[in-house]
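All values below were derived from every heavy atom in this structure, side-chain atoms included, with hydrogens, water molecules and symmetry-related copies excluded.
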Amino acid sequence: VPVPPGARDLAEAGLFSSLQPENLRAKRAVANHSDVADDPTYALLFDPQTAGGLLAALPADAAPAAVARLKDAGYAAAAVVGVVTAAQDPLVFPARLTVLNTQGTTS
């Protein structure tokens, strides 16, 4: 996840905005939260200063074209940052989240 300079350092130090804990309630939508919770970048997904308006969900096959269009529009940091997959039963909540590193692979 592209983050502003210093944001990862602050996250690693446990410093977040006052609204981050409230946003963190959304972790219930991530079945494997405990698998990715230690990654400071993941924690930033719930911080309103770094998460608001930065994430979009769309079909995986549409992602490369969407990222290319965003980059063409001047958003150089546009990237696929994760994959949401259904639990074994597609009607089951919550989904699983795979956080990708800067090379587009799981870390």
Side-chain donor-acceptor contacts of residues 59-76 below 3.5 Å, not counting sequence neighbours, with atom names and distances?
none

With hydrophobic residues grouped by side-chain heavy-atom distances under 4.5 Å, do V81 and L24 end up in a single group?
-> yes
Could you tell me whether the side chain of H33 reaches within less than 4.5 Å of the side chain of Y42, counting heavy atoms only?
-> yes
Not counting sequence neighbours, list each pair that qualifies as a salt bridge (charged side-chain N to carboxylate O under 4.0 Å, His left out) and has a residue in residues 5-19.
-> R8-E12, R8-D39
Remaining members of L58's ILVMFWY cluster at a side-chain heavy-atom cut-off under 4.5 Å?
-> none
